[in-house]
Amino acid sequence: ENFNGFTTYDGFQGKFISQLRLYGDEMDTSITGNAFTDFVDIQTYVKGIPMSDQGQEVILHLTFDKIKNGGVFYTDSMGLEMQERKVDFRPTWDLKVTQHVSENYYPINHGMTIMDDKMTLEVLNDRAQGGTSLEDGTMEFMIQIRTYRDDSRGVGEAMNETNPFSEEGRGADVLMH
């Protein structure tokens, strides 16, 4: 289920900088490129996950159709080196897949890379978060999560950060750069 649909947009085209801004009910995104580098800056602002009957996860899903990475992607290991990851595979044991998405999410502290023999794409993140590449040419990053009960994964409490200034009890606002 989509958390947000972009309803309006605007843009800027200058001599050296181009920017596309997408506006939605739940989040806004800006994509900025410049003439001096092949880097693109994506900035996403989540306006806080609203209260609901069950928890929600907000992800950034990027698709680059031309990259055929064949289920292989790379994530950093505490900023030290890139680790090869293969969808539904572990090199030291026979993985029995029961939760395809969550079993293929990995911690990302610095960045994630997908590549084939013609192209390489690396996304550098500004904070520790989870990520995966479940299909060719895709990257997925966890931006925000809100749960109402403990998931028995170690913290001993629900992940229910609430914006103290929200009258509707929305979750904490997040700016991912």
Side-chain angles (χ1 to χ4, degrees), residues 1-6 22 24-27 29 31 40 42-161 171-172 174-177:
E1 178 181 334
N2 284 336
F3 175 70
N4 182 71
F6 294 114
L22 307 166
D25 294 332
E26 305 294 341
M27 62 194 301
T29 296
I31 304 166
V40 174
I42 301 172
Q43 185 172 338
T44 301
Y45 172 68
V46 179
K47 299 172 186 174
I49 299 174
M51 292 290 289
S52 63
D53 293 335
Q54 63 183 23
Q56 293 180 320
E57 299 169 343
V58 177
I59 63 162
L60 174 64
H61 184 91
L62 304 172
T63 302
F64 305 91
D65 293 333
K66 293 182 180 180
I67 299 177
K68 307 297 180 204
N69 54 304
V72 177
F73 59 103
Y74 299 85
T75 63
D76 71 296
S77 176
M78 297 295 291
L80 299 175
E81 63 182 36
M82 298 300 275
Q83 298 290 313
E84 182 180 80
R85 310 296 188 180
K86 294 180 182 177
V87 174
D88 296 333
F89 175 79
R90 297 297 183 276
T92 56
W93 77 89
D94 186 22
L95 177 65
K96 304 286 189 241
V97 178
T98 59
Q99 296 180 353
H100 175 66
V101 175
S102 63
E103 289 173 354
N104 288 292
Y105 253 76
Y106 291 90
I108 300 170
N109 295 302
H110 167 72
M112 182 166 67
T113 302
I114 59 174
M115 69 175 89
D116 61 17
D117 58 345
K118 295 181 180 115
M119 301 180 87
T120 298
L121 174 74
E122 183 168 27
V123 173
L124 304 176
N125 50 331
D126 67 344
R127 70 198 65 204
Q129 60 194 144
T132 190
S133 177
L134 295 173
E135 298 173 1
D136 275 358
T138 66
M139 289 180 151
E140 188 173 295
F141 297 90
M142 181 69 63
I143 295 177
Q144 179 67 305
I145 184 169
R146 188 173 190 190
T147 63
Y148 302 110
R149 62 176 195 257
D150 179 35
D151 63 1
S152 301
R153 300 282 195 261
V155 295
E157 62 185 65
M159 293 193 286
N160 188 15
E161 297 176 310
V174 175
L175 177 64
M176 183 182 126
H177 193 56

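Keep in mind the model is a prediction, meaning the values are calculated, not measured.
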Practice task
Compare all side-chain heavy atoms of Leu62 with those of Ile42 and state whether any distance is below 4.5 angstrom.
Solution key: yes
Handout entry: Min side-chain heavy-atom separation Trp93-Leu95 under 4.5 Å
Key = yes
Exercise for the section: Taking all non-hydrogen atoms of both residues into account, name the closest pair between Phe141 and Met112 and its distance. Expected result: CZ-CE, 3.6 Å
Exercise for the section: May I ask you to decide if Ala128's main-chain N or O and Asn109's side chain share a donor-acceptor pair within less than 3.5 Å? Expected result: no
Practice task
Working to the nearest 0.5 Å, report the span between CG of Leu134 and CE of Met139.
Solution key: 12.0 Å
Problem - Sub-4.5 Å side-chain heavy-atom contact between Ile67 and Met115 - result: no
Exercise for the section: Hey, could you give me the CG/OG1 distance between Leu60 and Thr29, rounded to the nearest 0.5 Å? Expected result: 7.0 Å
Exercise for the section: Inspect the contact between Asp94 and Lys96 and indicate whether a charged nitrogen and a carboxylate oxygen are less than 4.0 angstrom apart. Expected result: yes
Exercise for the section: Answer yes or no: is there a donor N or O on one side and an acceptor on the other, between the side chain of Lys47 and the main chain of Gly24, under 3.5 Å? Expected result: yes
Handout entry: pair Gln129-Pro107: side-chain heavy atoms closer than 4.5 Å
Key = no
Handout entry: Asp88/His100 under side chain to side chain donor-acceptor pair (under 3.5 Å): CA gap, chis, key distance, verdict
Key = CA-CA 7 Å; Asp88 296 333; His100 175 66; 3.1 Å; yes
Handout entry: Non-hydrogen side-chain atoms of Met82 and Thr75 separated by less than 4.5 Å
Key = no
Handout entry: Pair Glu81-Gln83, side chain to side chain donor-acceptor pair (under 3.5 Å): steps then yes or no
Key = CA-CA 6 Å; Glu81 63 182 36; Gln83 298 290 313; 2.8 Å; yes
Handout entry: Under 3.5 Å donor-acceptor, Asp76 side chain and Gly111 backbone
Key = yes
Practice task
Please report the shortest heavy-atom distance between Ile114 and Ser133, naming the atom on each side.
Solution key: CG2-OG, 3.6 Å
Handout entry: Test item: Asn104 side-chain N/O and Thr132 main-chain N/O as donor-acceptor pair under 3.5 Å
Key = no
Exercise for the section: State whether the side chain of Glu135 and the backbone N or O of Thr63 hold a donor-acceptor pair below 3.5 Å, judged by distance alone. Expected result: no
Practice task
Could you tell me which non-hydrogen atom of Met176 sits nearest to which non-hydrogen atom of Ile143, and how far apart they are?
Solution key: SD-CG1, 3.6 Å
Practice task
Can you run down the ring-ring contact (aromatic ring centres under 6.0 Å, His included) pairs that involve residues 52-76, sequence neighbours left out, and say none if there aren't any?
Solution key: Phe73-Tyr106
Problem - The single option from Glu140, Gln99, Arg85 passing side-chain hydrogen bond (donor to acceptor under 3.5 Å, both in side chains) against Tyr105 - result: Glu140
Handout entry: Main-chain N/O of Gly70 paired to Asp136 side chain as donor or acceptor, under 3.5 Å
Key = yes
Fill in the blank from the handout: So CD1 of Ile59 and CD of Gln56: to nearest 0.5 Å the spacing works out to 12.5 Å
Exercise for the section: Could you check if a side-chain atom of Val58 sits within less than 4.5 angstrom of a side-chain atom of Ile49, using non-hydrogen atoms only? Expected result: yes
Practice task
Report yes or no: do Thr147 and Asn160 form a side-chain donor-acceptor pair below 3.5 Å?
Solution key: no
Problem - Worked verdict on Arg146 versus Met159 for side chain to side chain contact (heavy atoms under 4.5 Å, CB included) - result: CA-CA 5 Å; Arg146 188 173 190 190; Met159 293 193 286; over 6 Å; no
Exercise for the section: List for me each residue that meets side chain to side chain donor-acceptor pair (under 3.5 Å) alongside Thr138, sequence neighbours excluded, and say none if there are none. Expected result: none
Problem - Within 6.0 Å of CZ in Arg127, more than 12 heavy atoms from elsewhere - result: yes
Handout entry: Check: Gln144 and Glu161 side chains under 4.5 Å, non-hydrogen atoms
Key = yes
Exercise for the section: Please check if atom CD in Gln43 has more than 12 non-hydrogen atoms from other residues, nucleotides or ligands closer than 6.0 Å. Expected result: yes
Practice task
Check whether any side-chain heavy atom of Val174 lies under 4.5 Å from a side-chain heavy atom of Tyr45, and answer yes or no.
Solution key: no
Completion exercise
Between Thr98 and Glu103 the two heavy atoms that sit nearest each other are OG1-OE2, 2.9 Å
